[in-house]
Amino acid sequence: MGCVSLLLVLVCAVSVCAVRGLDKLNMCMDAKHHKTEPGQEGALYSQCSPWSSNACCRANTTEEAHADNSNLYNFNWNHCGIMADRCKKHFIQDTCFYECSPHLGPWIQQVDQSWRKERILDVPLCLEDCETWFSDCRDSFTCKQDWHTGWDWTEGINKCPAGATCRTFAEVFVSAKTMCEVIWSNSYRYTTLKKSSGRCMQLWFEGPTNPNLEVARSYLNHAPSQAIAMATTLLLPLLLSLLHAGISF
Ligand SMILES: *[C@@H]1O[C@H](CO)[C@@H](O)[C@H](O)[C@H]1NC(C)=O
């Protein structure tokens, strides 16, 4: 009888793991503007349109994502003079990716922040997306490496803190790796993986199919907790048959 209860508990645990695993492939983080569930949107604005078939963002969020000093976070791209359009388009894409992606589950972490309960950490970016972002921004100006913290917000938008001088991205960050990883306090992880690898997340892709679903799936299948769930799933029938054999004898 004890064995049967133990088995029941095991079976339940495995099914809970499996269900949560599925959710992690298609979910929205608990943050400032995200919908509670991903779903189709009629038409998302401009650069965010590839996410229209399944998105965590609403149309109005994507429109704001394209505006200077948008009301999303009151964040000012032009804190060291006007940011070049070829640079700004990467920040718009980054905003679309952050607000709209339904496939960031494997990298979502709880945080204790006033404006959100969850964040992303170490999302592996494709080499092309990080390198073009940096090369298109090399000659634009900023005064800080980490854009999440340390701004002067006294006037309602982010201004450079006292003592921080405006220099080019090339001077401030030096490398694409530092820029991609430090700018949003490790939301992203630099990789040397190409888009064709299917093992890195793409900021830029052509809709309507989102290639990041399969990337998330492969990461989830390689995660340690998932490995344990898989092993249990595979071992369970063996355990059951052994038990059955034991009872028969
Ligand atoms: C978008 O519209 C929804 C209501 O449909 C509203 O709750 C939300 O605050 C709006 N978001 C922005 C960024 O304006």
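Here the structure is a predicted model, which means the values were calculated and not measured. Just follow the structure's listing: the first ligand is 1, and inside any ligand the first atom is 1.
Ser70 places a side-chain N or O within donor-acceptor distance of the main-chain N or O of Leu72, the cut-off being under 3.5 Å.
Under the 2.5 Å cut-off for SG-SG separation, Cys48 and Cys100 do not qualify: their sulfur atoms lie farther apart than that.
Applying the side-chain hydrogen bond (donor to acceptor under 3.5 Å, both in side chains) test to residues at least two apart or on different chains, the pairs with a partner in residues 27-38 are Lys35-Glu41.
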Would you mind writing out the side-chain donor-acceptor pairs for residues 163-175 within the sub-3.5 Å range, not counting sequence neighbours?
| residue | atom | partner | partner atom | Å |
| --- | --- | --- | --- | --- |
| Thr168 | OG1 | Glu171 | N | 3.1 |
| Thr168 | OG1 | Glu171 | OE1 | 3.2 |
| Glu171 | OE1 | Thr168 | N | 3.2 |
| Ser175 | OG | Thr178 | N | 3.1 |
| Ser175 | OG | Thr178 | OG1 | 2.9 |

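A side-chain donor-acceptor contact under 3.5 Å links Asp68 and Asn78.
The contact shell of ligand 1, taken as protein residues with any non-hydrogen atom closer than 4.0 angstrom, comprises Asn60, Asn71, Leu72.
Residues satisfying the side-chain hydrogen bond (donor to acceptor under 3.5 Å, both in side chains) test with Asp152, not counting sequence neighbours, are Thr154.
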